[in-house]
Number of protein chains: 2
Amino acid sequence: MKKLINSPDDVITDALKGIEASDGNVRVDHENRVIYRSAPKEAGKVAIISGGGSGHEPMHGGFVGYGMLDAACAGQMFTSPTPDQMLAATTTVDSGAGVLHIVKNYTGDVMNFEMAAELAADAGIEVTTVLVEDDVAVQDSLYTAGRRGVGTTVLLEKIVGAAAEEGMTLAEVTAVAQRVSDNGRSMGMALTSCTVPAAGRPTFDLPEGEMEIGIGIHGEPGRHREPIADAKSIAKQLVDPILADLDFTGAPVIAMVNGMGGTPLIELYLMYGEVIELLGAAGVTVERNLVGNYITSLDMAGCSLTLLRADDEMIRLWDSPVQTAGLRWGR
Amino acid sequence: MKKLINSPDDVITDALKGIEASDGNVRVDHENRVIYRSAPKEAGKVAIISGGGSGHEPMHGGFVGYGMLDAACAGQMFTSPTPDQMLAATTTVDSGAGVLHIVKNYTGDVMNFEMAAELAADAGIEVTTVLVEDDVAVQDSLYTAGRRGVGTTVLLEKIVGAAAEEGMTLAEVTAVAQRVSDNGRSMGMALTSCTVPAAGRPTFDLPEGEMEIGIGIHGEPGRHREPIADAKSIAKQLVDPILADLDFTGAPVIAMVNGMGGTPLIELYLMYGEVIELLGAAGVTVERNLVGNYITSLDMAGCSLTLLRADDEMIRLWDSPVQTAGLRWGR
């Protein structure tokens, strides 16, 4: 295992120190492992929190700041945060207008966010939840029933962050969130496994010359393995299942080509070029895009594609200012 | 070799298509492989170009846009662009106020930019040049005499881009550029080699359990190899040679922890935490920072540290607006 770490036990603690030292948008509650905005949102506006296992950086901590999240809970590596962390975040960020929980569909995350929402309700805080379940690769998977929650989470956190910043009510913010969740689809692939520091060896074996199509962000099995193909064929294997699942024509689309952590930017740009050609041929109009590392899987090499069938309101919210370390503002 | 490409011969052509499709800040002259701003700078202002071998993305093409570069020439993989490319870029972006060439100190780049500057002068265009030679690792190296030009290039392109945007003259912009070059120092390390697509195998062997300290961005040999150490020790091996080379106390410092392309963000944040602790203990005050992939080496795992001994003017220019895909604006 080749990693820039002190010890497998200290990775998250140490990384949170670096995030706090480098990112002027955030402060970190190290005891609870919650990342908060350094300048809290104005009182009276809806607050938004998310969280999940660590190892997917910049998600979610890098999305805390003006125009996106109010707080993010950092779980252990690839492991849901606890209800206590979520409750601490919820009570801290609520200013009376209620709190939206953004939850990726993994069994542990769903269970813990549910418990936190109940505890928050007991404390008099209004909480709503949106579930992201956008991965078209497989129906059930290693860590969840139903579809896994992946790349749409990034787009959702940007869009609903802007909605809350505008002063929408909790019901309105939640409605936007649900619309984004309903209209986002993703598909990923891996060239290599990732290595969880505590395990010290690759999560799975993927021999030289082979790739896995439909991989999950924790290395969960995808659809199948096959010999490594060219970028054009790989792009097709990401685009086709997404387009087969939802009609993306006739609406402005936001597209994200996301790196899994170990793939350099030049390859992601190259993949975007292939994806956009296929989408154009299919009559899909991409109005906004992201290319880069946004929802990663430690050091895994590979990429994922997310498409969001947007509408005018989503595009307007996408274009609203945001100040976070993890998501650049712009087209 | 596991890469998201169509064929080793087409990597740069294909990647440039993706860059143009995704990045609203730029348009690409595919024949000359020059990346230009989609909205050119106002006439009468100094123009700035850079360029170098491909494989270091987002540098330089990702730094083309408002507040940074006017154009970037993309060479073959790890190979200098040609004088023709540089001349095309220079003549296109000049609007009468002259053009600054930002050149990293590699023999081919220096020679070709010199020739392009002469050809431009023959055509009546005033050109000045700043050389970046900031790598404290080794005096001479595989591709150059003197120090290699690495991370300071990123900070320099941001700062002088703002100076040109403000309307400074060519002499003034060049003076700022030289001051940045004089006051920047870098040091890198690798956990793995990179693999150049056309070669199809790692540039060098770096066995499991070993790392190389002082690595260049093309895999040029560094200072020495040793068993992989913890992040704290690695940070010290980057910080110490830089502080031994220049006094960074008593001035505002801009620090960059840069990923080599294959290292995930969580490890870069962790490294930043270690670096900032060492710098604090040494009495160095970091006022601004970057953590992420800015000057990469294909899929190499590892990182580099760059420190710039700044002054109030550089900090002011650092804080000026910028709109490029590769460099986020902010603290």
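A note on names: the letters A, B, ... follow the listed sequences, proteins ahead of strands, and every chain is numbered from 1. Just the heavy atoms: all of them, side chains too, but no hydrogens, waters or symmetry mates, feed the values below.
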Worksheet item: Side chain, backbone, both or neither: which part of A:T296 has an atom under 4.5 Å from a heavy atom of chain B?
Response: neither
Discussion item. I'd like to verify something: which residue of B:A231, B:G262, B:G273 has the highest number of heavy-atom pairs under 4.5 Å with chain A?
Written reply: B:A231
Practice prompt. Just grab all the side chain to side chain donor-acceptor pair (under 3.5 Å) pairs involving residues 198-211 of chain A, residues at least two apart or on different chains.
Written response: none
Worksheet, complete the sentence: The interface call for A:V275 against chain B, heavy-atom contacts under 4.5 Å, is neither
Worksheet entry | Side chain / backbone / both / neither for A:M77 at chain B, heavy atoms under 4.5 Å | side chain
Discussion item. Please classify the contact between B:M189 and chain A as side chain, backbone, both or neither, with a heavy-atom cut-off of under 4.5 Å.
Written reply: side chain
Worksheet item: So, does B:D14 use its side chain to make a donor-acceptor pair with the main chain of A:L270 at under 3.5 Å?
Response: no
Item to complete: Please check if the side chain of B:D299 supplies one atom and the backbone of A:T263 the other of a donor-acceptor pair under 3.5 Å.
Response: no
Response to the item:
If you tally heavy-atom pairs under 4.5 Å between each of B:I276, B:L298, B:L16 and chain A, the highest tally belongs to B:L298
Worksheet item: Which region of A:I234, side chain (C-beta onward) or backbone (N, CA, C, O), has a non-hydrogen atom less than 4.5 Å from a non-hydrogen atom of chain B, or is it both or neither?
Response: side chain
Practice prompt. Output the option from B:V291, B:V11, B:I12, B:L268 having the highest count of non-hydrogen pairs under 4.5 Å with chain A.
Written response: B:V11
Item to complete: Pick one of side chain, backbone, both or neither for B:I19, based on which atoms fall under 4.5 Å of a heavy atom in chain A.
Response: both
Discussion item. Around atom CD of A:Q237, are there more than 12 heavy atoms from other residues, nucleotides or ligands closer than 6.0 Å?
Written reply: yes
Worksheet item: Do B:K2 and A:M211 touch side chain to side chain, with heavy atoms closer than 4.5 Å?
Response: no
Worksheet item: Where do A:Y269 and B:A15 come nearest, in terms of heavy atoms and distance?
Response: CB-O, 4.0 Å
Worksheet entry | Over all atoms of both residues, closest heavy-atom pair of B:S22 and A:N289 | O-ND2, 2.8 Å
Worksheet entry | Largest heavy-atom contact set with chain A, pairs under 4.5 Å, which of B:K17, B:K3, B:H56, B:M1 | B:K3
Item to complete: Count the heavy-atom pairs under 4.5 Å between each of B:P197, B:C194, B:P264 and chain A, then report the option with the highest count.
Response: B:P264
Worksheet item: How long is the span from the OG atom in A:S7 to the NZ atom in B:K232, to the nearest 0.5 Å?
Response: 10.0 Å
Discussion item. Could you report the tightest heavy-atom contact between B:L4 and A:G302, atom names first, then the distance?
Written reply: CD1-C, 4.4 Å
Worksheet item: chain B heavy atoms under 4.5 Å from A:I228: which part of the residue, side chain, backbone, both or neither?
Response: side chain
Discussion item. Donor-acceptor check, side chain of B:E57 to backbone of A:I266, threshold 3.5 angstrom: yes or no?
Written reply: no
Worksheet item: What part of A:A301 lies closer than 4.5 angstrom to a heavy atom of chain B: side chain, backbone, both or neither?
Response: neither
Worksheet item: Is the backbone N or O of B:D230 less than 3.5 Å from a side-chain atom of A:N6, with the two atoms forming a donor-acceptor pair by type?
Response: no
Worksheet item: Can you find a pair of side-chain heavy atoms, one from A:L265 and one from B:N293, that are under 4.5 Å apart?
Response: no
